[in-house]
Amino acid sequence: MSSERKLNIICWSGGKDSTATIVLAHELGIPIDLIVISLLWFDKKRRIYAEYPEVIEWIFSYAIPLFESWGYKVKVIESDKDYMHWFYHTIERTEHEDRKSKLSGWLIGGMCAMNREKINPIKRYLKSLGRNYQEYIGIAADEPKRLERVHRKGQISLLEQKGIIEEQTYDILRPYSLISPTYKFSKRGGCWFCPNQKVKEFAYLKTNHPELWAELVTFDSVPNKVSEGFKYGKTFKEISDKVDAYIANPPPVQLSLFDFIYEEM
Ligand code: SF4
């Protein structure tokens, strides 16, 4: 066993809680050896990330340079396989005869293949460091269930240590302009094609990134998918109709079409 001290590593998602953890570490003078972020691809060949383009721009052009100016090293890890791979993957090994030789197709909410693509490369990378490390995780003080997991794994939450709840993370980030563009149109970060998104988030996608929406339209036209269920059993056409209805007639309570940071639908 090496006598070197443990590396302090922050696992950064780009979301408010892990970003606030980096700010806290910086303000508290905690020596952070490495910030690690794992980014997914929609299509690696065409260099289309899974995160919304404005989030990618913010990560690379603003957040990473700022962290580096604080003396923190940032390691960007990318998924091996992209969504194109998983969408066009032909199912061979299955107990269900009717699924054999069909395309995996749409991601399944709650069993998302891309999740593994995010987590496994990080695990591999941390293992490859060949050093003991202490992970700092962005879980707020008002998330008891998730904190139980943090404690079990021997990770540290600076937000918990400082008694900071989720809503307070915005106050930590605001002075550094470190609130991700995600929060302009969603309460949670993630992939622009994620089936867990709400109709209003897909409406944002279609309105602001028609070229990405068109990728989903293309997927929808691909035959031989194992299921036409795009979002929890609903077809892409069913969701697309709801998206169009939302765009044509946004709820009147909103101040603007996409002013729904705190509003559920
Ligand atoms: S955000 Fe959605 S699509 Fe992306 S990895 Fe998570 S569950 Fe899968």
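In each ligand, atom 1 is the first atom listed, and ligand 1 is the first ligand listed. This one's a predicted model, so the numbers in the text were calculated from it and none came from an experiment.
- Criterion: ILVMFWY side-chain heavy atoms under 4.5 Å apart, direct or through other members. Under it, V74 and I137 are not part of a common hydrophobic cluster.
- Of the residues L24, I30, I22, the one that meets the side-chain contact (heavy atoms from CB on, under 4.5 Å) test with Y136 is I30.
- For K162 (side chain) and A141 (main-chain N/O), no donor-acceptor pair under 3.5 Å exists by modelled atom type.
- Residue contact check: L107 has heavy atoms under 4.0 Å from atoms 3 (S) of ligand 1.
- Less than 4.0 angstrom separates some heavy atom of L40 from each of these atoms of ligand 1: 5 (S).
- Residues passing the salt bridge (Lys or Arg N to Asp or Glu O under 4.0 Å) test with E166, sequence neighbours excluded: K16.
- Ligand-side atoms of ligand 1 in range of G190: 1 (S), range being under 4.0 angstrom from any heavy atom.
- Looking from atom 6 (Fe) of ligand 1 to the surrounding protein, the closest heavy atom is N115 OD1, 4.3 Å.
- Because the distance cut-off is set at 2.8 Å, C194 fails to qualify as a neighbour of atom 4 (Fe) of ligand 1, as none of its N, O or S atoms comes that close.
- Summarising the local packing, NZ of K225 is surrounded by more than 12 heavy atoms from other residues, nucleotides or ligands at distances under 6.0 Å.
- Residue-level proximity to ligand 1 for C112 is carried by the side chain, the only part with a heavy atom below 4.0 angstrom.
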Quick one, E97 with K100, criterion salt bridge (charged side-chain N to carboxylate O under 4.0 Å, His left out). Give me CA distance, side-chain angles, the key distance, then yes/no. CA-CA 5 Å; E97 277 304 314; K100 237 175 212 165; 3.3 Å; yes

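- Of the protein's non-hydrogen atoms, the one nearest atom 1 (S) of ligand 1 is C191 N, 3.4 Å.
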